[in-house]
Amino acid sequence: MRLARMGGIGLVFAAILGGLWFFQARDKWAALSYEGMPVAETWYDWRSFNRPLINHGFLVGWSDVRGNPLWVTYRLTRVKDPHSDPRPRGFREDWRSLWPITSRDYSHSGFDRGHMAPNYAMSVVHGRASQLDTFLMTNISPQKPDLNRKVWQRLEEVVIDHFVPRFGTVWVTTGPIFDKDIRRMDSLIEIPDAFYKILVVPGSVGKPPKALAFIMPQTVKGNEPLSDFVVSIDTIEQRTGLDFFSDLPDNLETRLESTVDSKAWRLGRVSRLPSRY
DNA sequence: TTTGGTGT
C-alpha cells in the first residue's frame with residue numbers, strides 16, 4: 001500500500017518534470033526553426049527518423065542510424081561589424097549521439113568533415129558558444145573536398161556576405177541527401193549522395209516569404225555557377241522524406257515550396273563569384 | 001581562411 005503510494009507520487013513527479021522539459025524544449029525548437037522544424041513525412045520510417053538536438057543558435061535533427069544530421073536549422077541576421085573568433089582546434093564528440101562518433105572516424109576516408117551549421121557565420125551572428133557547438137560531430141557530414149572547399153563554401157559565403165546583409169534575416173535549413181543505395185565509410189557512418197540548402201527570407205505584412213533552394217551532388221567539380229543547382233523545396237522533400245515549414249498556412253506553404261524564384265534573389269549576380277580563398 | 005587535411 002505504502003509502496004504503491006510512493007510509486008504513484010514518483011510517477012506524478014516524473015510526469016511534471018517531463019512536462020516541464022517538453023514545454024521548454026518545444027519553445028527552443030520553435031525559436032530555432034522557421035515555421036516548424038523539419039519532420040519525417042513517415043514517422044516510423046528509419047531512413048528519415050531523427051531527433052532534435054538543441055545547440056547554441058542552431059537545431060540539429062540527428063539520425064543515429066545514419067550517423068549523420070538529417071537537417072540543421074538556424075537564423076542569420078545582419079550584424080553591424082562582422083568579426084569571428086579564431087577557428088577552434090578540433091572536432092568534438094557529442095555525448096548525445098547513441099554511437100560515439102569521433103573526428104577519427106573520418107580520417108583517411110577521402111571525405112571532409114563538412115560543417116552543416118557553418119563555423120564562420122555562426123560565430124559572427126551567434127557568438128563563441130555557437131561557434132564551438134558547430135564543431136560537434138553531430139553537426140558534421142561526409143563531404144567530398146571538391147564540394148566542401150569549393151562550391152559549397154561559395155554558397156555559404158554568398159549567404160553570409162550578400163543575402164544576409166541585403167535582406168536582414170535569412171533562415172537556413174540544410175543537410176545531406178541519401179538515395180536508396182547505402183554506402184558507408186569504414187566507421188559505418190553513411191555517405192550522402194548530395195546536400196541541400198534552403199534559404200528563406202520571412203514575409204512581412206502583405207508580403208509573402210521568399211525561398212531559394214539548392215541541391216549539390218558529391219560529384220561536383222567545384223567551379224560551377226551556383227544557379228546550376230537551384231531546385232524547388234518540393235524536390236528536396238521528395239528526396240529526403242522530410243516535410244519543411246509545416247506550420248505555414250497551407251496555401252503559403254504550397255506556393256513557397258513549388259516555385260523556383262532565383263530572380264527575386266538576384267542569384268545571377270553572385271552565381272559565379274569566386275571563393276575568397 | 002569564412003573550407004579542410006595530416007601528424008604529435
Side-chain angles (χ1 to χ4, degrees), chain A residues 55-58 60 67-69 72-94 101-172 174-176 185-187 189 191-192 194-197 199 214-226 229 269-277:
Chain A
N55 294 314
H56 292 94
F58 65 104
V60 172
N68 276 257
V72 168
T73 61
Y74 51 93
R75 187 185 60 182
L76 296 176
T77 49
R78 189 160 45 210
V79 292
K80 272 191 197 136
D81 186 21
H83 92 279
S84 85
D85 285 315
R87 186 184 171 99
R89 270 168 305 175
F91 295 85
R92 291 150 44 224
E93 183 183 338
D94 189 335
I101 291 181
T102 67
S103 182
R104 207 187 310 167
D105 290 333
Y106 280 65
S107 296
H108 307 289
S109 66
F111 290 89
D112 280 1
R113 301 168 182 90
H115 278 83
M116 293 297 100
N119 161 47
Y120 173 76
M122 299 306 281
S123 173
V124 165
V125 177
H126 295 287
R128 184 64 174 171
S130 181
Q131 178 182 29
L132 293 176
D133 282 352
T134 69
F135 282 81
L136 288 170
M137 289 306 292
T138 46
N139 181 47
I140 302 301
S141 198
Q143 281 185 322
K144 289 300 249 182
D146 281 346
L147 174 64
N148 185 37
R149 305 178 196 181
K150 293 180 176 176
V151 65
W152 189 259
Q153 181 180 189
R154 278 165 48 217
L155 176 56
E156 289 182 339
E157 285 177 4
V158 162
V159 172
I160 189 65
D161 291 342
H162 294 272
F163 291 152
V164 170
R166 194 195 306 162
F167 298 117
T169 298
V170 178
W171 280 96
V172 184
T174 192
M185 304 195 295
D186 291 344
S187 56
I189 295 170
I191 300 164
F195 290 84
Y196 67 90
K197 196 181 288 287
L199 312 174
F214 301 85
I215 291 179
M216 293 185 176
Q218 292 271 31
T219 53
V220 292
K221 282 192 301 181
N223 56 2
E224 300 90 339
L226 300 180
F229 304 105
R269 299 190 186 190
V270 292
S271 210
R272 291 175 183 278
L273 279 183
S275 173
R276 291 174 60 140
Y277 301 100

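So that the names make sense, note that chain A is the first sequence line, chain B the second, and so on, each numbered from 1.
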When the distance from [atom1] of [X] to [atom2] of [N] is rounded to whole Å, what number comes out?
X	N	atom1	atom2	answer
A:Arg87	B:dT3	CZ	C1'	6 Å
A:Asn119	B:dG5	CG	P	13 Å
A:His83	B:dT1	NE2	C1'	16 Å
A:Gln218	B:dT3	CD	C1'	15 Å
A:Leu147	B:dG5	CG	P	13 Å
A:Asp146	B:dG4	CG	C1'	12 Å
A:Lys197	B:dT3	NZ	P	12 Å
A:Phe195	B:dG4	CZ	C1'	14 Å

So does [X] get a side-chain nitrogen or oxygen closer than 4.0 Å to the phosphate oxygens (OP1/OP2) of [N]?
X	N	result
A:His108	B:dG5	no
A:Asn148	B:dT3	no
A:Arg149	B:dT1	no

Rounded distance in Å between the P positions of B:dG5 and B:dT1: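 These two P atoms come out 15 Å apart once rounded.
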Side-chain contact, heavy-atom cut-off 4.5 Å: [X] with [Y]?
X	Y	answer
A:Thr102	A:Met137	no
A:Leu155	A:Met216	yes
A:Phe229	A:Val151	yes
A:Arg113	A:Phe135	no

Closest approach of A:Tyr74 to A:Ala117 (non-hydrogen atoms, all atoms of both residues):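 Where A:Tyr74 meets A:Ala117 most closely, the heavy atoms are CE2-CA, 3.8 Å.
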Residue-level proximity of residues 153-165 of chain A to DNA chain B when a heavy atom falls under 4.0 Å: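 Within this stretch, A:Gln153, A:Glu157, A:Asp161 sit under 4.0 Å of the strand.
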Exceeds 12 heavy-atom contacts within 6.0 angstrom, atom CZ of A:Arg272: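 Result for CZ/A:Arg272: open.
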Residue A:Arg113, side-chain atoms from C-beta onward, closest of B:dG4, B:dG5, B:dG7: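 It is B:dG5.
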Sugar-phosphate, base or nothing in reach of A:Ser107, heavy atoms under 4.0 Å: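 Sugar-phosphate, backbone atoms only, no base.
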With sequence neighbours excluded, residues passing salt bridge (charged side-chain N to carboxylate O under 4.0 Å, His left out) with A:Asp161: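 Only A:Arg276 meet the salt bridge (charged side-chain N to carboxylate O under 4.0 Å, His left out) criterion with A:Asp161.
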